[in-house]
Each structure stands twice: as C-alpha cells, then as structure tokens.
Amino acid sequence: MGKSKIPERAFEATASPRAPQRPGNEPDDSFWAGIERMLADVAAQARAEPLPEDFPARVLGWLHDVLGTDEETFWHQDLNGRLRNWSNRQPLAPANGSSTGSNGAMAHDDQSGADDPQRLEFVKSVLATGSARTAVMDSSAPGQAPERTGASADHTRVACPIRCEGGTAAVLEVQHHRRAAADVQLALEVLRSVAELCSDYLRRYQLQEFARDRASRNELAQFSRRIHDSLDIGETAYAIANEGRRLVGCDRVAVVACRGSACETLAVSGAARWDRRSNSIARLEELCAAVAAGGDALSAGSLAADLPPQVRVPLDAYLETSQIRDLCVLPLTGTLGADGSPARPAGLLVLEQFTGVLTDEMRERGSTIAEPGAQALEHALVVQRIPWGRFFRRHDWRARLQGRGRTALAVAAGIAVLLAGACLIPADFEVEARGVLQPRLRRDVFAPDDGVVEELFVDHGMQVISGQPLVALRNAQLDLDLKRVWGELQAARKRLSAIETARVEATVGNAAGAVAAARLSGEDAELQELVAALSRQHTLLEAQQIELRVASPIAGQVLTWDLPQLLQGRPVHRGQALMTIADPTGPWDIELEVADRDAGHVLEARQNGQGAALKTSYRMATDPGVSHESSVDRVALSIERTAAGEPALRVVGGVDANVVSTARPGATVLAKIHCGRRSLAYVWLRDVYDAITTRLLF
C-alpha cells in the first residue's frame with residue numbers, strides 16, 4: 001500500500017465509536033483514531049482466510065460509521081465487462097450499514113442506480129480514467145443536473161477506483177450532504193486509503209473468479225464432448241438433458257425437437273420413460289411450438305411483460321398442469337438462414353424449477369450450453385433423416401465382409417434356413433388373458449329404497465339361507481307418510497260413520513228430511529271412495545316398509561368384508577350395493593378379460609372348432625407355482641370396457657372341483673387360451689407383425 005495522503009496525526013483509541021463530523025467542525029483525535037481502526041480492520045479482512053463474502057458490506061458499514069455519509073456503494077466490473085452494484089448500504093439500513101441475507105453476505109442489487117444514467121456515467125468514467133473524482137448534483141432532478149466540482153449543492157458524490165493487476169476493476173462511491181470543500185477532500189483521502197487496502201481483497205477475489213471461470217470453461221468443454229459422442233438422436237438428447245441439468249443446477253431439464261410446426265419431447269433429465277399422451281407432456285409441447293414459432297427465449301419470471309396470447313395461453317396451461325414454480329425456454333438454433341437471420345430452431349431447451357425460482361446464474365448457464373447443444377442436436381437430426389443411417393453408422397458391414405465372403409455366405413444361408421423353418425414349422429398359439437376367480441352362483445344385494453341402516457343381521461363369512469333377513473332399513477319419510485295416511489284413513493272412516501247415521505235419521509220425517517238424506521247420500525259416496533283410496537295407499541306403504549327388510553336372494557356365504565363398519569347406522573341410496581352373497585360350495589368360474597387386439601384370435605379359434613370348448617391353462621396369483629387346466633364355456637358377444645377403461649372381450653371358463661379347496665373369491669388369474677397352431681415365426685413375432693400391419697401398412 002502506498003503512502004496515504006491523510007494528514008499525520010496522533011491516533012488515540014477510544015472505547016466508543018465517533019459520531020460523524022458536521023460541516024465546519026475540525027476532525028478531532030477520536031476521528032483519526034476511528035480512521036486508524038477502520039483501516040486496520042479493512043487490512044485484516046482483505047487478508048483473511050477464507051476470503052470473506054461480506055467484505056464489501058463491511059467496508060461500506062465502516063465508511064458510514066466513520067464519515068457519516070448518507071449512501072455508500074461498492075461497484076464491481078466482472079470478467080465480461082458488466083458493471084454490477086456489488087453491495088449497497090441504503091440510507092435506512094442498520095447502523096453497521098449491512099443488509100445481509102441468510103448467509104450473512106451483502107445482498108447484490110444489480111438494478112440500483114439503473115434509473116440514474118448520469119450516475120452510471122460518473123462511475124464508468126472513474127473506471128475508464130482510473131482516477132478519483134467528485135461530483136456535485138442537485139437532488140431535485142437526479143441525473144439531470146450538470147456535474148460540478150464546487151462545494152455547494154444538495155449532495156456530493158465521491159468515487160475512488162480500486163486498482164489491481166490489469167487495470168481498475170472496482171469503484172468505492174459515497175454520497176453525503178456536505179457543503180464544505182474540506183469534507184469532500186477528507187472523504188476523498190479516506191476513500192483512497194481504503195481503496196489501496198481493498199485492492200488486496202479484489203486481487204484475491206479475481207484469482208478465485210478466474211479459477212471459477214476456468215473450471216466453468218472446462219465443464220463446458222466436457223459437456224460439448226459428451227453430447228457429441230453419439231449421433232443417435234435419443235442418446236444425444238439425453239446427454240444434453242442430464243449433463244445440462246448438472247451444469248445449470250436446476251431441478252429438471254427437457255429437450256424438445258421441432259418437427260415442422262409441432263414439437264416432440266426427446267428427453268427429460270432423470271426420467272428414462274414418460275407417457276407422451278400425458279397432459280403435462282402435451283402442454284409442454286404446445287408451449288414449445290408457440291415459442292419456436294416466435295423464435296425468442298421465454299422466461300416465466302417475466303410474466304409481467306406483455307406476452308402475446310399465442311404464448312401466454314399455453315404457458316398458463318403448462319404451469320397449471322405441471323405445478324412448477326419457474327421455467328425458461330431457450331431455442332436451440334445452431335445455423336443461420338440464407339439471409340443471415342436465425343433459422344427456425346432445431347429444438348428447445350426447457351429449464352424448470354419446482355422449488356424457488358431460476359436464478360440469473362442458472363439462466364446464464366442455460367444460455368451458455370444452448371449453443372453446443374443446438375449443434376449436437378442438429379447433427380443428430382441430420383443423421384436421423386438419412387435412410388438406414390443408423391444401420392450403416394453402427395455396422396461397418398463392408399469392412400466385415402471384405403475377405404470373408406464364404407463365411408458371410410454361410411451365415412446368410414443359415415439365417416435364410418432359420419427364417420424358412422420358422423415360417424413353416426407350426427407351434428401352439430396361445431393368447432394371454434387376465435381375470436379373477438369367482439363362485440358361479442353369486443348375487444349382489446341392493447338397497448330397495450333410500451334409508452338408514454337400522455339393524456344388521458349378518459357379518460363377513462356368515463352362512464345364510466334364501467329369504468333370510470340380512471339388513472333392516474328405516475326411511476323416515478316413509479314412516480311419516482304411513483302415519484299420515486293412517487290418520488287420514490281413520491278420520492275418513494269416522495266421518496263416514498257419522499254421515500251414515502245422519503242419513504238414516506233424515507229419512508224418517510218430512511220432505512225436508514228427504515232432501516237432507518239425498519245430500520248426505522252424495523257425501524257418503526265420496527267418503528267411501530276416499531276411504532278406499534286411503535286404504536290402498538296404506539297397503540302400498542306397508543308393502544314398501546316390509547321391503548326395507550332386505551332378505552338374501554340365495555343360500556350361500558357373505559363375502560363383503562367388515563359390514564358393521566361399512567353399513568351400520570349409515571345412510572344408503574336406492575340401488576346401492578350393500579353386500580355380496582355367493583355359494584362357495586357350488587361350481588366356480590374364471591372370468592377373463594381378453595384384450596381387443598387378441599379377441600379376433602379367440603373368436604376365430606372358437607368358430608374353427610365348431611363350438612368345441614377352447615382349452616385354457618391358468619395360474620392363480622395366490623398359488624403361482626401350480627398350473628391348472630380349464631375350458632372356455634361362454635364368450636361375450638360384444639367388446640366392453642373394463643374397470644380400467646380398456647376395451648376387452650369377456651370370457652368365462654369352468655374350474656375343476658379340485659381347485660376349489662384352495663380358491664378364494666376374487667383371486668387374480670393369469671391364463672393362456674389355446675387358439676390352435678400357427679407358424680413358429682408368427683408365434684414369436686406376433687407383436688411385430690401386428691405393429692407393422694396396424695401402424696405402417698394401414
């Protein structure tokens with residue numbers, strides 16, 4: 001460190017920090033002692049091991065305590081020439097001037113001062129010239145007042161460069177409302193002394209930055225080599241996704257290829273397989289197609305910007321479906337068009353974050369790996385478009401056959417014989433099916449009406465007989481209607497009896513009595529009809545109440561588990577299945593579901609057999625080591641949807657009585673239905689044959 005221009009004074013240590021000097025006051029001994037302590041602290045921190053991350057914040061805090069300035073800023077120019085506000089102590093910060101994050105380091109604020117162009121020009125001029133400068137500005141119009149070097153203005157900015165090998169790389173800047181030129185000169189001298197000490201820290205920091213940059217370049221070179229190792233499109237895409245995720249440090253990276261106006265997901269880091277029909281993948285491909293059409297990168301962190309609806313709609317749909325917090329879509333454009341403009345991207349690189357957001361460093365690393373990733377993806381896509389390119393690339397068949405003509409001819413002849421034999425030799429053809437084992441006599445018991453289970457008479461595993469009560473329901477509305485109809489019926493009967501008595505008495509007497517008797521006869525007829533109607537209603541309601549006592553339709557055993565927990569005291573609806581009754585002592589069936597692509601083989605074999613039962617071999621999941629034989633008894637006339645929603649043909653076969661002793665209702669059955677004999681090649685390569693006939697030739 002060179003000699004400081006601060007006047008030589010006798011430094012005396014004081015126990016308490018010195019209050020900032022006011023304009024017009026000469027610095028006392030305690031002020032110079034505070035400066036000495038500050039310079040000692042700066043020198044110690046600049047040489048500390050390990051390198052303190054919050055060094056800029058500490059320096060600014062010490063400057064604030066000693067000089068009493070209003071704002072302090074530590075500007076730094078990185079290896080790419082970008083000027084960053086490395087650490088900034090705002091006026092309302094704590095006394096030490098630091099606004100720390102969770103790690104104790106000063107929070108970086110790259111946008112501070114961006115709205116003041118003159119301030120940025122002022123800092124850049126200090127970096128360019130490498131000499132300290134002062135500027136007086138008017139706070140009423142920041143950034144608009146001309147720069148002056150006088151001593152009277154609202155606030156004064158003092159900036160001093162921090163020099164190290166290679167030139168100026170940082171600037172210390174303070175601002176305060178001092179009008180005395182002596183205060184400005186004093187602050188300038190203090191900043192020069194602090195800057196000389198900070199140069200040691202900056203030199204060590206730049207060495208670390210150079211080391212990190214070199215490591216980053218080495219990682220990028222290794223990344224480029226790994227993604228260019230193979231020309232297979234799948235291997236290349238997975239290399240870009242997995243290696244890119246490692247370099248970027250985000251939660252997931254996806255590689256999407258552009259196929260005309262549509263997009264296709266090629267690889268997702270950490271996932272060997274995925275379903276292209278899933279909503280998440282479909283929404284991702286729609287978003288990538290919209291971004292590829294525009295040609296610009298997309299960052300979900302910039303949602304406040306005005307995005308066109310062609311991009312915003314698929315972006316919102318994907319964010320809602322995938323439940324990610326942040327993403328960035330980068331076009332992979334390696335070559336330029338004929339006019340020199342960027343061509344349509346060969347694919348897109350999608351960076352995703354499920355926890356937190358993507359940092360600026362992650363986005364920068366993603367942009368760095370996008371260029372080599374675009375070149376590797378373009379090369380793989382070009383090779384993929386070459387007919388038989390994969391075969392000629394992986395098998396240098398010409399070199400293998402050179403000088404080995406007889407051996408190659410013998411191998412080809414052997415292969416031809418094997419193929420001919422496979423096509424001519426017959427073999428047993430079997431269709432696989434999956435199903436369950438159930439008693440043939442099985443009934444589900446349903447609720448006859450809405451109600452509440454009042455009483456349960458049976459439990460799991462109990463033997464019941466036909467007509468035995470199983471459960472008693474209670475319908476409050478039915479009880480109310482029954483009592484209401486009964487009351488109305490009794491009232492109508494009493495009124496009918498009274499009218500009949502009055503009509504008899506009216507017939508004995510004069511002519512007026514005869515008229516009254518005729519009127520009462522009409523009322524008597526109406527009441528008789530009312531009584532008959534109420535009687536019928538009462539009978540129907542009683543029948544409905546009797547039906548609420550549900551009885552067993554067959555003799556057998558209760559199969560439903562834990563009936564008290566399932567039904568006792570619980571409300572049920574009309575048609576709701578209450579329990580299942582089955583007769584385990586009777587015959588059993590295996591109920592199979594044959595996939596619709598195999599249903600034709602089963603129907604054809606059944607037709608060719610002229611109604612003869614098809615043989616079936618099956619194994620139960622409860623006893624997979626033993627194989628059993630059965631035969632197909634019934635085949636459904638139509639294809640139906642299974643519980644999983646897949647179309648299937650239902651096939652039912654009988655079970656040998658010897659199997660019943662070890663059987664359990666609902667046990668899973670894996671079966672093979674014998675459908676005659678076919679060529680050995682078809683039996684072995686049936687899936688390939690079906691794929692060719694249905695997908696390529698159809």
Side-chain angles (χ1 to χ4, degrees), residues 273 275-277 418-442 587-660 662-698:
R273 294 182 179 179
D275 188 2
R276 284 204 62 202
R277 296 172 295 181
L418 290 177
L419 292 177
C423 294
L424 297 176
I425 298 175
D428 291 335
F429 177 54
E430 297 175 335
V431 170
E432 296 182 355
R434 192 181 184 93
V436 294
L437 185 67
Q438 294 286 7
R440 182 175 298 176
L441 185 58
R442 186 177 74 257
W588 287 59
D589 290 331
I590 53 172
E591 300 177 357
L592 303 176
E593 295 176 348
V594 181
D596 59 344
R597 74 185 187 93
D598 297 328
H601 300 299
V602 176
L603 297 176
E604 182 182 358
R606 187 175 177 85
Q607 184 179 3
N608 295 337
Q610 298 179 355
L614 299 178
K615 299 300 181 181
T616 304
S617 59
Y618 66 92
R619 295 175 184 265
M620 294 186 297
T622 56
D623 189 13
V626 181
S627 178
H628 306 279
E629 298 295 330
S630 178
S631 59
V632 174
D633 295 339
R634 301 187 305 277
V635 178
L637 298 177
S638 62
I639 303 294
E640 299 179 358
R641 293 282 178 177
T642 64
E646 298 294 334
L649 177 69
R650 297 187 181 274
V651 176
V652 179
V655 176
D656 189 358
N658 297 329
V659 183
V660 175
T662 60
R664 289 292 182 270
T668 302
V669 173
L670 304 176
K672 293 182 178 180
I673 303 175
H674 300 273
C675 299
R677 296 174 68 82
R678 299 287 182 90
S679 67
L680 185 62
Y682 182 78
V683 173
W684 286 352
L685 304 175
R686 181 170 65 93
D687 293 337
V688 178
Y689 176 79
D690 292 344
I692 293 175
T693 55
T694 56
R695 298 185 180 181
L696 298 181
L697 302 181
F698 181 71

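We number each residue from 1, following the sequence as shown. The analysis underlying the following values was restricted to heavy atoms, covering all of them including side chains, and did not include hydrogens, waters or symmetry mates.
D623 contributes atom CG, which lies 5.5 Å from atom NE2 of H628 (distance to the nearest 0.5 angstrom). To the nearest 0.5 angstrom, K615 atom NZ is 14.0 Å from C675 atom SG. The OG atom of S630 sits 8.0 Å away from the CG atom of L592 when rounded to the nearest 0.5 Å. Note that OG1 of T668 and CD1 of I590 are 12.5 Å apart. Values are rounded to the nearest 0.5 Å.
Scored by the salt bridge (Lys or Arg N to Asp or Glu O under 4.0 Å) test, R664 finds no partners at all (sequence neighbours excluded). Judged as a salt bridge (Lys or Arg N to Asp or Glu O under 4.0 Å), and not counting sequence neighbours, the contacts of E591 are R442. With sequence neighbours excluded, the residues satisfying ring pair (Phe, Tyr, Trp, His ring centres under 6.0 Å) with F429 are H601, Y682. Considering only residues two or more places apart in sequence or on other chains, I639 meets the side chain to side chain contact (heavy atoms under 4.5 Å, CB included) condition with D596, A599, P647, L649.
Of all heavy-atom pairs between S617 and S627, the closest is CB-OG, 4.3 Å. Residues M620 and V669 share a closest heavy-atom pair of CG-CG2, 4.3 Å. S679 and C423 make their closest contact through CB-O, 3.3 Å (heavy atoms, listed as atom of the first residue, atom of the second, distance). Across all non-hydrogen atoms, the minimal contact from P439 to W588 is N-CE3, 3.7 Å.
Between the side chain of R619 and the backbone N or O of P624 there is at least one donor-acceptor pair closer than 3.5 Å.
Within the structure, side-chain hydrogen bond (donor to acceptor under 3.5 Å, both in side chains) pairs that include any residue of residues 428-440 comprise D428-R677, E430-H674, R440-D589 (at least two apart or interchain). Among residues at least two apart or in separate chains, side-chain hydrogen bond (donor to acceptor under 3.5 Å, both in side chains) pairs with a member in residues 631-646 are E640-R650.
No option in V651, I673, V632 other than V632 meets the side chain to side chain contact (heavy atoms under 4.5 Å, CB included) test with R606.
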